[in-house]
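Atoms considered below: every heavy atom in the structure, side chains included; atoms not considered: hydrogens, waters and symmetry mates. So you know, we letter chains A, B, ... as the sequences are listed, proteins then strands, and number each from 1.
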Amino acid sequence: MKMISKKSLNGFINYGIIIVLFIIFQSLLSTKHLSSSLSGQLVPICAYVVMALSLNLVVGFSGELSLGHAGFMSIGAFAGVIASTALSGSVTSGGFRLLIAIIVGAIFAALAGVVIGIPVLRLRGDYLAIVTLAFGEIIKNVMNCMYIGVDSNGLHFSIQDANSMGMEPTGTIIVNGPMGALGIKKLSTFLAGTILILITLFIIQNLVNSRSGRAIAGIRDNRIAAEACGIQITKYKLMAFVVSAALAGSAGALYALNYSTVVPKKFDFNTSILVLVFVVLGGIGNLRGSIIAAIVLTVLPELLREFQDYRMLVYAIVLIVVMIVTNNEKASAFIKGIFNKKSKEVA
Amino acid sequence: MLSYLINGISLGSVYAIIALGYTMVYGIAKMLNFAHGDVIMIGGYMAFCSSSYLGWPPIICVLFSIVVCTVLGIIIEKLAYKPLRAASSLAVLITAIGVSYFLQNAALLIWSSNPKAFPNLINLPSLQIGGTQISAVALITIAACIVIMIVLTLFTNKTKMGKAMRAVSEDKGAAQLMGINVNGTISLTFAIGSGLAAIAGVLLCTAYPTLMPTTGAMPGIKAFTAAVFGGIGSIPGAMIGGILLGIIEIFAKAYISTQLSDAIVFAVLIIVLIVKPTGLLGKKIAEKV
């Protein structure tokens, strides 16, 4: 009998968790046990899980802090929306159009990843973090003044206003500057989101456990030693960065096609930080942790609804307390002491 | 042209004062204090409250705001950052983000999200130089920035506490062995940084008189890039970075595009970092093999 290695077993458990969660939520949804606000959150949760997984590839496995991941999500979102709206006449099947939109989103985000990655990955540590932040802000800013429309002649672009695109009167405006993309046909489904998560997991787990993945982790652990072993630093760092960007782009397309309007402001610094919080709280380099943290932290504000105004305050306090408890020896020893006492009392 | 330059230097001075707080805290605690921008916002609200509700004279308002922010800075450091002294920098970063969320939402609860009109604390006539008008606020901002720069440089270079500060930022362990109170020094740095944030908050709100719970976020990020621009950890670097950033921003707004000005500022930052990877005045990091 063939032995299954621990690593691939771990991977299969991750797929299993996603599928089980999908079945649970789907059955809750079909038996109407899910509140309307929570069922509206299902696709965004999927998008955030993919974002968290993709950022974990950069932060956890490549060891680079990226503060501008929402920028890739933004590019993917708008590229996906444009593709889906432009093809609405020629491709009638909604599912197929969603697939094309996600692929287009991923491709454009990957291109941005290459453009950004080449200069960024020369830098190190906090300087790298700040440049990714800067790129995220630039993408948001440029998206804010983009006007894109489509008519029978094809796509039109402008960075001034909607009228200067020179479209035929029958054309439709897809992206309207700061107003964002309007009139999006809702294509994303929970099933599509789940499949995207599974594909993301498949890509990342296979990359991490491949020769390239070991090279990436080697660079993270000791750059000089890795270089001395003949590993091309730039190539592997860029590989992790671009794959991560492409996945973030696909998450963006999934996210955008779940709403009727999407504004560029949605994908700002706060979104980047939110995803980073998922990764860090879930455990850096731990894929399962990222999945769980993304789900729990997206649902948590919904569950805190009874606190109403105080819920974001509570969220902030939870964040600080969790970080201190998990990272401070005294605090974690104190918590362990309480639990040990309890278990002794029970015994 | 001249008025743009003065405006740019004035805005840059505000960025420089904020960036000083970032750079000092980074130098000593090796952490990116993302809550710094929100301390600015609290400083603005404190001056607003003491002036609009209590009717105190402007100088007292500013002093009150500085005191509150200084105390706030020390409390944040003691409660949130001190337990994480030994933790990874990412954990501290996330905690700082948590503190930032906390301050923003606390402000949202106390003062609501409606923008408040900031009272004019500096009521002086504007100056005429060769046909260009220069507002008193701009001049006072620039003057405040120069004074702070001189005082801080003297403080870190001449006083015993300043020496302790530099020692701790160089090597915590060795500093402790020399009998320096490391925790006290770090608290002091946070206190100074937060006090500066209060001044920056008042100046910022006087120049752009709308006050919201998110007022501090964008200047915070920009000042942070200014600190990196000049070489993070370096006090003159923060000053130069801040002022350059302000000038670039105002000129980009005036001559290129209002909407794209932020993108231009960040693009310049990226180009600088690609050419000089540790900022304009940053130390070169020697690497042990």
Side-chain angles (χ1 to χ4, degrees), chain A residues 59 65 67 116 119-120 122-131 133-142 144-145 159-160 177-178 223-225 228 268-270 273-274 276-277 279-281 284 309-331, chain B residues 26 30-32 34 79-106 108-109 217-218 221-222 224-225 227-229 232 257-271 273-274 277-279 282 285 287-289:
Chain A
V59 176
L65 178 56
L67 295 177
I116 294 170
V120 160
R122 282 169 39 109
L123 303 166
R124 260 177 252 155
D126 296 327
Y127 290 94
L128 189 145
I130 200 73
V131 169
L133 190 164
F135 267 115
E137 289 296 311
I138 290 176
I139 291 171
K140 185 187 83 181
N141 225 290
V142 170
N144 237 334
C145 3
I159 55 165
Q160 268 149 19
R223 204 180 55 87
I224 295 165
D268 61 355
F269 177 61
N270 287 331
I273 291 296
L274 187 72
L276 184 65
V277 168
V279 172
V280 175
L281 275 189
I284 294 163
D309 296 343
Y310 296 95
R311 64 184 177 137
M312 283 315 286
L313 210 60
V314 174
Y315 181 83
I317 294 170
V318 167
L319 198 61
I320 297 170
V321 170
V322 168
M323 283 331 282
I324 291 177
V325 166
T326 49
N327 286 287
N328 184 288
E329 280 176 13
K330 268 189 201 160
Chain B
Y26 183 86
K30 297 282 173 287
M31 65 167 286
L32 304 174
F34 267 108
L79 285 183
Y81 302 151
K82 202 180 157 200
L84 296 173
R85 220 28 78 68
S88 73
S89 63
L90 254 183
V92 188
L93 182 80
I94 300 293
T95 313
I97 290 161
V99 173
S100 161
Y101 279 169
F102 179 82
L103 291 179
Q104 268 183 33
N105 286 293
L108 194 69
L109 280 181
M218 203 55 204
I221 292 178
K222 279 195 195 145
F224 176 35
T225 56
V228 176
F229 194 59
I232 199 156
S257 158
T258 326
Q259 284 172 316
L260 283 174
S261 69
D262 285 355
I264 292 164
V265 167
F266 287 117
V268 171
L269 169 87
I270 291 167
I271 293 165
L273 282 186
I274 288 168
T278 51
I285 310 159
E287 214 167 336
K288 240 195 255 172
V289 180

With a 4.5 angstrom heavy-atom cut-off, could you sort out which part of [X] is near chain A: side chain, backbone, both or neither?
X        : result
B:Leu273 : both
B:Tyr81  : neither
B:Leu109 : side chain
B:Met31  : neither
B:Leu108 : neither

Tell me, for [X] versus chain B, whether the close heavy atoms (under 4.5 Å) come from the side chain, the backbone, both or neither.
X        : result
A:Val321 : neither
A:Leu65  : side chain
A:Phe269 : side chain
A:Leu276 : both
A:Val277 : both

Show the nearest heavy-atom pair for residues B:Tyr101 and A:Ala316, with the distance to one decimal.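 So the two residues come closest at CB-CB, 3.7 Å.
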Tell me the closest heavy-atom pair linking A:Leu313 and B:Ala106, and the distance in Å.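 Here A:Leu313 and B:Ala106 meet closest at CD1-N, 3.4 Å.
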Of A:Ile138, A:Asn141, A:Ile139, which is the lone residue that meets side-chain contact (heavy atoms from CB on, under 4.5 Å) with B:Phe266? A:Ile138
For each of [options], tally heavy-atom pairs with chain A at distances under 4.5 Å, and name the one with the top tally.
options                              : value
B:Ile94, B:Leu84, B:Ile264           : B:Ile94
B:Val265, B:Leu79, B:Ile97, B:Leu103 : B:Ile97
B:Thr225, B:Val228, B:Val92          : B:Val228

Go through the steps for B:Phe224 and A:Leu133 under the test side-chain contact (heavy atoms from CB on, under 4.5 Å), then give the verdict. CA-CA 11 Å; B:Phe224 176 35; A:Leu133 190 164; 4.3 Å; yes
Separation between [atom1] of [X] and [atom2] of [Y], rounded to the nearest 0.5 Å:
X        : Y        : atom1 : atom2 : result
A:Leu67  : B:Leu93  : CG    : CG    : 6.5 Å
B:Ser100 : A:Leu319 : OG    : CG    : 10.5 Å
A:Asp268 : B:Ile221 : CG    : CD1   : 8.0 Å
B:Lys222 : A:Glu137 : NZ    : CD    : 9.0 Å

When only pairs under 4.5 Å are counted, which of A:Ala134, A:Ala228, A:Pro119 shares the most heavy-atom pairs with chain B?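 Highest number of heavy-atom pairs under 4.5 Å: A:Ala134.
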